[in-house]
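In listed order, ligands and their atoms are each counted from 1.
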Amino acid sequence: MVPSTGSNKLKAAVFISGAGSNLKSLIKFSKNKKSPIFISLVITNNSKAKGLDFANIYKIKRKIFNFRDKKLAEKKILLELKKNKIRIVCLAGFMKILSKSFIKNFKGKIFNIHPSLLPKYKGLNTHQRALDDNEKYSGCTVHYVTSKLDSGKIILQKRVKINKKDTPETLAKKILKQEHKLYPKALLKVFSL
Ligand code: GRF
């Protein structure tokens, strides 16, 4: 991988709420010469999000917003995104639902990763629900974000086989490993068209 300064890349912000393993994989990808994005901001609603450590390690600006007043939080985030000239928003384990009016600022430029083969299992507890339904496969999906939860146009999906012995935890782990490859691939697909 050839490191890049990012001067000709699209400035991106990644929104997280938890562990941030997808953030880490996106940061690594963004340093690749071929990456269309350059991550210059990490946004979270959770000051305790483990993923914030990656922003520190890679010296990326991080901002925490309290969502008790969602409208106000979104207003402040929007200002921060504009201030930093952010063109692309990648949601990666961000646990808040963004409003229609927020999303319209980034039409076609806001993406999400979800741990199921959408349109199946939107929302939470995806792995448990897939196991309860005796699915043979689950997987992950990268899609455009619209105001309807986990419903925007699908960009890429990766199927993962479910074994009889799988638990929600083992399945989550297997799928997460694929998520780390799928998100960069999806961004390449969108921006190399
Ligand atoms: C991932 O499974 C993602 O698909 C879902 O939340 C999880 C976040 O994991 N939306 P991480 O914080 O990126 O490790």
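- Using a 3.5 Å distance cut-off with no hydrogens or angles, the side chains of S17 and N45 do pair a donor with an acceptor.
- Using the six-membered ring where Trp is involved, F191 and F111 have ring planes that are perpendicular, over 60° apart on the 30 and 60° scheme.
- Between the side chains of S151 and K122, at least one donor N or O lies within less than 3.5 Å of an accepting N or O.
- For the atom pair F29 CZ and K34 NZ, the distance stands at 10.0 Å (nearest 0.5 Å).
- For K161, the NZ atom sits in a packed shell: over 12 heavy atoms of surrounding residues, nucleotides or ligands are nearer than 6.0 Å.
- Listed by chain and number, residues touching ligand 1 at under 4.0 Å (heavy atoms only) are A19, G20, S21, N22, G93, I113, H114, P115, L176, E179.
- Across all non-hydrogen atoms, the minimal contact from L124 to M95 is CD2-CE, 3.4 Å.
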